[in-house]
Amino acid sequence: MTDIDVRIQSAPFDINAESERMTGHDHPNVGALVTFTGYCRDEQGALSALELDHYPGMAEAEITKIARDAAERWPLDAITAIHRYGKMEPGGPIVLVAASSRHRKAAFEAAEFIMDFLKTRAPFWKKEHHADGSSGTWVDAKEADDDALHRWTQK
């Protein structure tokens with residue numbers, strides 16, 4: 001059974017602590033740990049911050065469902081998905097997706113699968129705050145994210 005840990009939090013996460021939790025004596029059969037960390041970009045100096053909002057409870061439920069779907073597709077030991085909310089400055093970590101398995105292929109594919117679904121299915125809203133002090137509009141979904149998801153939904 002895959003150890004699944006999903007958290008939505010405002011505080012930054014510690015990737016080293018999360019990696020240690022997913023390996024070591026509690027997970028002696030792990031041969032591969034793949035991590036993805038998404039960061040807030042400054043968009044060539046145009047942004048001072050990115051604000052993320054979500055429906056508490058709904059985002060956790062959707063990401064947990066995505067993680068369970070990944071655990072059914074690949075032989076995984078553990079999955080961690082942490083998504084932050086609130087106002088983040090450029091360079092700040094926004095999301096961590098980690099998958100561990102006996103072998104690297106399953107860990108790589110599962111982490112990519114989770115991230116592709118998280119980008120398109122998890123209910124988060126992003127608002128840009130510009131470097132000139134103005135606030136932008138909420139960021140629209142990207143077609144490229146839908147395209148990335150498409151490969152996982154093909155039969």
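One finds the NE2 atom of H83 at 7.0 Å from the CD1 atom of I8 (value rounded to the nearest 0.5 Å). The line from CG of D5 to OG1 of T64 is 9.0 Å long, rounded to the nearest 0.5 Å. The CD1 atom of I15 sits 11.5 Å away from the CD atom of E20 when rounded to the nearest 0.5 Å. To the nearest 0.5 Å, atoms SG (C40) and CD (E51) are separated by 11.5 Å. Atom CZ of residue R68 and atom CD1 of residue I114 lie 12.5 Å apart, to the nearest 0.5 angstrom. A distance of 5.0 Å separates CG in L96 from OG1 in T37, rounded to the nearest 0.5 Å.
In this structure, the side chains of R41 and L47 stay at 4.5 Å or more apart for every pair of heavy atoms. Put simply, the side chain of I82 reaches to within 4.5 Å of the side chain of Q9, judged on heavy atoms. For the pair V95 and K119, the minimum side-chain heavy-atom distance is 4.5 Å or more. Side-chain contact check for S19 versus T35: some heavy-atom pair is nearer than 4.5 Å. Residues E112 and W152 are in side-chain contact: their nearest non-hydrogen atoms beyond the backbone lie under 4.5 Å apart.
Environment of NZ in K127: crowded, with over 12 heavy atoms of neighbouring residues, nucleotides or ligands closer than 6.0 Å. Within a 6.0 Å sphere centred on CZ of R104, heavy atoms belonging to other residues, nucleotides or ligands number 12 at most. Residue E89 places its CD atom among 12 or fewer non-hydrogen atoms of other residues, nucleotides or ligands, all under 6.0 Å distant. Under a cut-off of 6.0 angstrom, the local environment of CZ in F13 is crowded, with over 12 non-hydrogen atoms contributed by other residues, nucleotides or ligands.
Here the shortest heavy-atom pairing between I63 and A122 reads CG1-CB, 3.9 Å. For the pair I79 and A67, the tightest heavy-atom approach, listed with the atom from each and the gap, is CD1-O, 3.3 Å. Looking at every heavy atom in both residues, H27 comes nearest to A78 through CE1-CB, 4.1 Å. Smallest separation of non-hydrogen atoms from A99 and A110: CB-CB, 4.1 Å. Contact between I66 and L118 at its shortest, heavy atoms only, is CD1-N, 3.8 Å. Summarising the geometry of A106 relative to L76, their closest heavy-atom pair is O-CD2, 3.8 Å, with the distance given to 0.1 Å.
Using a 4.0 Å cut-off between charged side-chain N and carboxylate O, R7 and E18 make a salt bridge. A salt bridge links K65 with D69: the closest approach of a Lys/Arg side-chain nitrogen to an acidic carboxylate oxygen falls below 4.0 angstrom.
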Discussion item. For a side-chain contact (heavy atoms from CB on, under 4.5 Å) check, start with the C-alpha distance between Y55 and W125, then their side-chain angles and the critical distance, and finish with the verdict.
Written reply: CA-CA 9 Å; Y55 282 127; W125 296 269; 3.3 Å; yes
Practice prompt. Decide side-chain contact (heavy atoms from CB on, under 4.5 Å) for W74 and T2; before the verdict, give the C-alpha distance in whole Å, the side-chain angles of both, and the deciding distance to 0.1 Å.
Written response: CA-CA 10 Å; W74 292 278; T2 304; over 6 Å; no
Worksheet entry | Residue pair M22, D77: steps toward the side-chain contact (heavy atoms from CB on, under 4.5 Å) verdict | CA-CA 8 Å; M22 296 179 70; D77 196 72; over 6 Å; no
Fill in: Test log, rule side-chain contact (heavy atoms from CB on, under 4.5 Å), inputs M88 and I94
CA-CA 8 Å; M88 282 157 265; I94 298 173; 3.8 Å; yes
Discussion item. Could you go through K142 and D147, starting from their C-alpha distance and side-chain angles, then the distance that decides it, and tell me whether this counts as salt bridge (Lys or Arg N to Asp or Glu O under 4.0 Å)?
Written reply: CA-CA 9 Å; K142 294 180 181 160; D147 292 344; over 6 Å; no
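With hydrogens and angles disregarded, a donor-acceptor distance shorter than 3.5 Å links the side chain of R84 to the backbone of P93. With hydrogens and angles disregarded, a donor-acceptor distance shorter than 3.5 Å links the side chain of E60 to the backbone of G57.
Defined by atom type and a distance below 3.5 Å, a donor-acceptor pair is missing between the side-chain atoms of S48 and H129. Donor-acceptor pairing under 3.5 Å is recorded for the side chains of R21 and T80. For the 3.5 Å distance criterion, the side chains of H130 and S134 qualify, holding a donor opposite an acceptor.
Ring centroids of W138 and F124 are separated by 6.0 Å or more, keeping the two rings apart.
In the hydrophobic clustering of this structure, F36 groups with I4; members are Ile, Leu, Val, Met, Phe, Trp, Tyr whose side-chain heavy atoms approach within less than 4.5 Å, directly or through other members.
By the 30° and 60° cut-offs, the orientation of the rings of H54 relative to Y85 is tilted.
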